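These notes are about the structure you will find just below.
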Amino acid sequence: MKKKKIVVFTGAGISAESGLKTFRDSGGLWEEYKVEDVATPEAWLDNPVRVLEFYNMRRRQAVGAKPNPAHLALVQLETIYDVQIITQNIDDLHEKAGSKKILHLHGEINKCRSSIDDSLIYPVKGTDLKMGQLCEKNSQLRPHIVWFGEFVPMMEHANILASSADIFIIIGTSLNVYPAAGLVNFVPEKVPKYLIDPQGVSKDYIPNLNINRKKAGVGVPELVKNLLK
Ligand code: OAD
């Protein structure tokens, strides 16, 4: 029999209990840094060293981070469901946990790419990406991250995946950043949806939504237990 499909949409909140900072909470990254200084194409042109250093710090933290009970519980769902993770996160905690199908909407911290040819993508050697490290076409390597103002190449594919969900789970995202936040609009109305986020505010525009205002490390294992019953 064909397995039911669960699509899981994750944001920075799922990695918070693994020690990685979120963006918009108090103490979040966008309190410490200005988006326009480190996460836009203009910032890269203006001060590439500063941009590289920002992502080198993210990479150093991500390397040491371990998946928490939320990442691990999602892997358990694969015993009876076809599970597709769609993450806005650039860390590799879903991979470390062992999830099989993972789509990164905003890029991956452990990869870099050519600054003149988006198809030339490489693993970052070591933890730091430095000025002078070049692609095979001799242009500077940049972080493999989707910056503000850039096209989100995986969005259309993600929307198609969301439209085929039998169950949709949202974890730890403020749903503030578009087009990623628009993913939920592609999920059919009748599909049951779950949101796990301590600050999950009512989302009247999302039909059939069950909100659990708990931390991911507690709320996700609970939900997974129920879905495996
Ligand atoms: P945000 O920082 O906007 O939101 C984090 C969410 O996680 C908030 O709703 C928190 O309430 C929630 N949260 C905090 N701790 C949690 C926990 N322990 N368990 C569950 N939830 C928790 O992060 P995102 O929504 O992921 O993009 O941000 C979206 C995008 O904006 C990011 O991918 C990044 C950022 O700027 C780019 O850099 C392009």
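Note that ligands are numbered from 1 as they come in the structure, with each ligand's atoms numbered from 1 the same way. Computed from a predicted model, the values in this text were never measured in an experiment.
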Indicate whether the side chain of T10 and that of Q88 have a donor and an acceptor atom separated by less than 3.5 Å.
no
With a 3.5 Å cut-off and no angle check, do the side chains of Q199 and D25 form a donor-acceptor pair?
yes
Pair Q133-Y122, side-chain hydrogen bond (donor to acceptor under 3.5 Å, both in side chains): steps then yes or no:
CA-CA 11 Å; Q133 286 186 285; Y122 310 87; over 6 Å; no
Applying ring-ring contact (aromatic ring centres under 6.0 Å, His included) as the test, list every pair that has at least one member in residues 27-46; sequence neighbours left out.
F23-W30, W30-F54, Y33-F54, W44-W147
Pairs satisfying ring-ring contact (aromatic ring centres under 6.0 Å, His included), at least one member in residues 69-119, at least two apart
H71-H94
When you look for protein heavy atoms under 4.0 Å from ligand 1, which residues do they belong to?
G11, A12, G13, A16, E17, T22, F23, R24, D25, W30, Q88, H106, V146, F148, G172, T173, S174, V177, D197, P198, Q199, K215, A216
Does R50 have any side chain to side chain contact (heavy atoms under 4.5 Å, CB included) partners at least two apart in sequence or in another chain, and if so, which?
D37, V38, D46, N47
